[in-house]
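Only one structure is covered here, and it is reproduced in the block below.
Bear in mind that the values here come from a model prediction, so they are computed numbers and not experimental data.
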Amino acid sequence: MTVRNTINSVPPPAREEAGGTSPFTVRFWGVRGSIASPGPTTIRYGGNTACIEVRCGGAHIVFDCGTGIRPLGESLARSGGPVDIDLLLTHSHLDHICGLPFFAPAFDPDSRLRLWAGHLPPERPFRTVLSDMMTAPLFPVPVDVFRADCQFRDFQGGQTLEPAPGVVVRTCALNHPDGATGYRVEHGGRSLCVLTDTEHPSEGRDPVILDLLRGADLMVYDSTYTDAEYSARVGWGHSTWQECLRLAEAAGVGRAVIFHHDPARTDDELDAIAAEAEAMRPGSLVAREGMELSL
């Protein structure tokens with residue numbers, strides 16, 4: 001697995017690797033939780049909320065539509081041409097969907113967007129939730145302003161999706177207020193798990209999550225708090241960076257990425273967490289905007 005920092009650059013188009021195996025890349029456009037936190041203390045890791053871009057096997061997948069999806073959209077617009085993207089939502093709290101009205105491809109009539117949500121009840125599908133957010137007096141323009149071919153695909157956590165031939169996405173329900181969905185993307189013998197927002201059990205580990213994670217090459221996990229902070233925030237629906245590494249070890253994960261940083265967490269504090277994480281489980285990473293991983 002290789003790591004690159006591509007902040008302020010546009011990645012080149014995906015190319016076939018030696019032997020004909022398509023690349024499997026993961027790029028972080030937003031790494032914060034709860035609310036965007038721009039400023040002098042968050043410059044190095046970034047202040048945008050959750051957005052992760054994945055390319056594998058002909059599939060172009062984006063996890064969550066936090067404020068990080070706006071620079072992603074700008075990058076795609078600069079590269080030219082329409083896009084065909086599967087947007088996989090972990091859940092629909094505001095910090096994970098507020099960037100969607102500012103995603104440039106949504107206004108391109110030649111682009112295709114499939115929006116997947118696995119946490120909502122049948123009587124309240126994601127299109128309804130998004131329409132409520134994009135309604136006066138909360139927002140000045142309705143969801144109908146989008147010109148792309150937007151397909152809303154609700155499902156139930158636990159189902160398996162196939163966004164492209166040979167790309168399998170397993171899902172599970174997560175422990176978070178109002179519900180959330182965890183994902184495992186599999187292609188070409190490689191696998192990525194994205195688990196945010198979720199709160200770990202007070203004792204033991206969730207067997208469903210362990211099963212989803214088992215043997216994954218890379219996991220991205222909700223690490224909003226530290227173990228010391230967690231006791232005052234039980235029930236808020238988030239986990240800790242230490243639990244991230246313990247879970248990775250228990251499930252035999254190749255590399256863990258600490259993600260969904262508390263908006264008050266400074267660059268210096270994240271540097272300290274990175275050093276502690278490296279000591280606890282060598283090879284562990286702290287997500288930062290522009291970081292790109294190749295599986």
Side-chain angles (χ1 to χ4, degrees), residues 1-7 25-34 37 41-52 54 63-64 68 90 174 182-184 190-202 204-206 209-210 212-234 236-295:
M1 185 184 298
T2 58
V3 183
R4 290 195 297 141
N5 194 328
T6 54
I7 292 176
T25 60
V26 183
R27 181 169 176 173
F28 295 85
W29 293 89
V31 299
R32 296 281 168 174
S34 303
S37 52
T41 65
T42 61
I43 290 174
R44 286 185 283 110
Y45 285 87
N48 280 306
T49 59
C51 183
I52 305 170
V54 177
F63 288 100
D64 283 338
T90 61
L174 300 178
Y183 295 92
R184 178 182 176 122
R190 290 163 289 179
S191 53
L192 158 74
C193 291
V194 176
L195 296 169
T196 193
D197 293 19
T198 190
E199 183 169 335
H200 60 273
S202 57
R205 293 185 175 85
D206 187 331
I209 288 180
L210 278 175
L212 193 77
L213 284 173
R214 192 78 61 191
D217 295 293
L218 182 72
M219 67 177 276
V220 179
Y221 185 79
D222 179 347
S223 306
T224 304
Y225 307 127
T226 66
D227 280 352
E229 295 165 342
Y230 174 71
S231 61
R233 295 165 173 82
V234 173
W236 290 19
H238 298 289
S239 193
T240 74
W241 71 261
Q242 291 98 331
E243 183 63 19
C244 170
L245 303 193
R246 290 190 290 262
L247 193 56
E249 194 66 21
V253 171
R255 174 171 267 179
V257 180
I258 292 165
F259 179 73
H260 202 269
H261 312 316
D262 188 291
R265 196 83 65 206
T266 67
D267 288 334
D268 289 345
E269 289 171 332
L270 288 171
D271 282 345
I273 288 173
E276 291 183 60
E278 176 64 23
M280 181 174 172
R281 192 170 194 264
S284 301
L285 297 170
V286 176
R288 65 173 72 208
E289 288 179 31
M291 185 171 76
E292 185 173 303
L293 309 176
S294 297
L295 276 63

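- Counting only distance, with no hydrogens or angles, the side chain of D267 and the backbone of I43 share a donor-acceptor pair below 3.5 Å.
- In this structure the side chain of L174 never reaches within 4.5 angstrom of the side chain of D222, judged on heavy atoms.
- In this structure, G33 and P263 approach most closely via the heavy-atom pair O-CD, 3.4 Å.
- Distance CG/D197 to NE2/H238: 4.5 Å, rounded to 0.5 Å.
- Side-chain polar atoms of T266 and D268 form no donor-acceptor pair below 3.5 angstrom.
- In this structure, the separation between CG on L195 and CZ on R184 is 10.5 Å, given to the nearest 0.5 Å.
- Between F28 and F259, the angle of the ring planes lies from 30° to 60°, which puts this pair in the tilted group.
- A donor atom on one side chain and an acceptor atom on the other are found under 3.5 Å apart for T90 and D64.
- The minimum heavy-atom distance between L295 and S191, with the atom names listed, is CD2-O, 3.4 Å.
- Contact between G283 and E278 at its shortest, heavy atoms only, is N-OE1, 2.9 Å.
- For the pair E229 and D262, the minimum side-chain heavy-atom distance is 4.5 Å or more.
- Going from atom CD1 of I273 over to atom CD1 of I258 covers 6.5 Å, rounded to the nearest 0.5 Å.
- In this structure, D217 contributes its side chain and G254 its backbone to no donor-acceptor pair below 3.5 Å.
- Salt bridge annotation for R246-E243: present, with a cationic side-chain nitrogen under 4.0 angstrom from a carboxylate oxygen.
- When all heavy atoms of A251 and L213 are compared, the closest pair comes out as CB-CB, 3.7 Å.
- To the nearest 0.5 Å, atom OH of residue Y230 and atom OG1 of residue T240 are 8.5 Å apart.
- Taking the side chain as every heavy atom from C-beta outward, N48 and W29 never approach each other to under 4.5 Å.
- Of the inter-residue distances, the one linking L247 atom CG with T198 atom OG1 reads 9.0 Å to the nearest 0.5 angstrom.
- Nearest heavy atoms, Y225 versus R233: CE2-CD, 3.1 Å.
- Using a distance-only test at 3.5 Å, with no hydrogens or angles considered, a donor-acceptor pair links the side chain of H261 to the main chain of A287.
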As a quick check of understanding, evaluate side chain to side chain contact (heavy atoms under 4.5 Å, CB included) for R190 and L218, giving each step before the final call. CA-CA 9 Å; R190 290 163 289 179; L218 182 72; over 6 Å; no
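- In this structure the side chain of R32 reaches within 4.5 angstrom of the side chain of T42, judged on heavy atoms.
- In this structure a side-chain-to-backbone donor-acceptor pair under 3.5 Å is present from S284 to R281.
- In this structure, Q242 CD and E276 CD are separated by 7.0 Å, a value rounded to the nearest 0.5 Å.
- The side-chain hydrogen bond (donor to acceptor under 3.5 Å, both in side chains) check on S239 picks up H200, Y221, with sequence neighbours excluded.
- Residue Y45 is tested with M291, R288, E289, E269 for a side-chain contact (heavy atoms from CB on, under 4.5 Å); the sole match is R288.
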Kindly determine whether V220 and T196 satisfy side chain to side chain contact (heavy atoms under 4.5 Å, CB included), including the steps that lead there. CA-CA 8 Å; V220 179; T196 193; over 6 Å; no
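- Across all their heavy atoms, A248 and A256 have their closest contact at CB-CB, 3.9 Å.
- S37 has its side chain out of reach of R265: every pair of non-hydrogen atoms, C-beta onward, lies at least 4.5 Å apart.
- The shortest distance between side-chain heavy atoms of L192 and L293 does not fall below 4.5 Å.
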